[in-house]
Amino acid sequence: MSENREKVMLIDDNEDIITVIKAMLEMKGYHVFINMEVDGIENSIKEISPDLIIMDMLLSGFDGSKICKSLKENSHFAPIPILMISAHPDAKEECLQAGANMFLGKPFDMKDFYQAIEKSLLMR
């Protein structure tokens with residue numbers, strides 16, 4: 001197991017995806033914090049002060065790319081890298097335009113996922 005101490009906030013509303021991604025991150029030693037709801041997200045981010053945010057584009061009636069844009073426009077949150085994930089075929093361009101540092105389409109390979117996390121963390 002890796003000795004990573006980085007904190008990763010996972011924002012997704014799908015329990016199955018959360019379970020899998022959380023396990024993948026914990027296997028590499030990351031400290032994982034889960035947010036299944038958008039309400040109060042800024043307070044959660046302030047409290048946890050994550051090194052990386054991984055966020056789905058579609059969040060129970062909310063557009064994750066708009067949340068990403070809002071976070072990136074706030075000077076307190078802008079330095080935190082955001083890795084957006086989505087199974088939506090046209091999501092990549094929209095997420096990157098919203099300020100996401102990286103995008104990964106679902107389903108994704110574990111190797112690609114870990115590489116995207118490492119690259120995102122270097123963007124801090």
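Just so you know, these numbers use all the heavy atoms, side chains as well, and skip hydrogens, waters and symmetry mates.
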Electrostatic pair Lys69-Glu73, nearest N-O below 4.0 angstrom: yes
Closest approach of Asp56 to Met84 (non-hydrogen atoms, all atoms of both residues): O-CE, 4.0 Å
Backbone of Ser60 reached by a side-chain donor or acceptor of Asp13 within 3.5 Å: yes
Cluster link Met57 to Ile67, ILVMFWY, side chain under 4.5 Å: yes
Lys7 atom NZ, over 12 foreign heavy atoms within 6.0 Å: yes
NZ/Lys106: more than 12 non-hydrogen atoms of other groups inside 6.0 Å: yes
Test item: Ile18 and Leu10 side chains (from C-beta on) under 4.5 Å apart, heavy atoms: yes
Intermediate values then yes/no, side chain to side chain contact (heavy atoms under 4.5 Å, CB included), Phe103 and Ile85: CA-CA 6 Å; Phe103 175 85; Ile85 57 176; 5.9 Å; no
Nearest heavy atoms of Ser120 and Leu52, plus distance in Å: CB-CD1, 3.6 Å
Heavy atoms from other residues, nucleotides or ligands near CD of Glu37 exceed 12 (cutoff 6.0 Å): no
Side-chain donor or acceptor of Tyr114 paired with backbone N/O of Met24 under 3.5 Å: yes
Connected via hydrophobic side-chain network under 4.5 Å: Leu96 and Ile82: yes
Any donor-acceptor pair under 3.5 Å from Thr19 side chain to Glu15 backbone: yes
Donor-acceptor side-chain pairing of Asn101 and Lys72 below 3.5 angstrom: yes
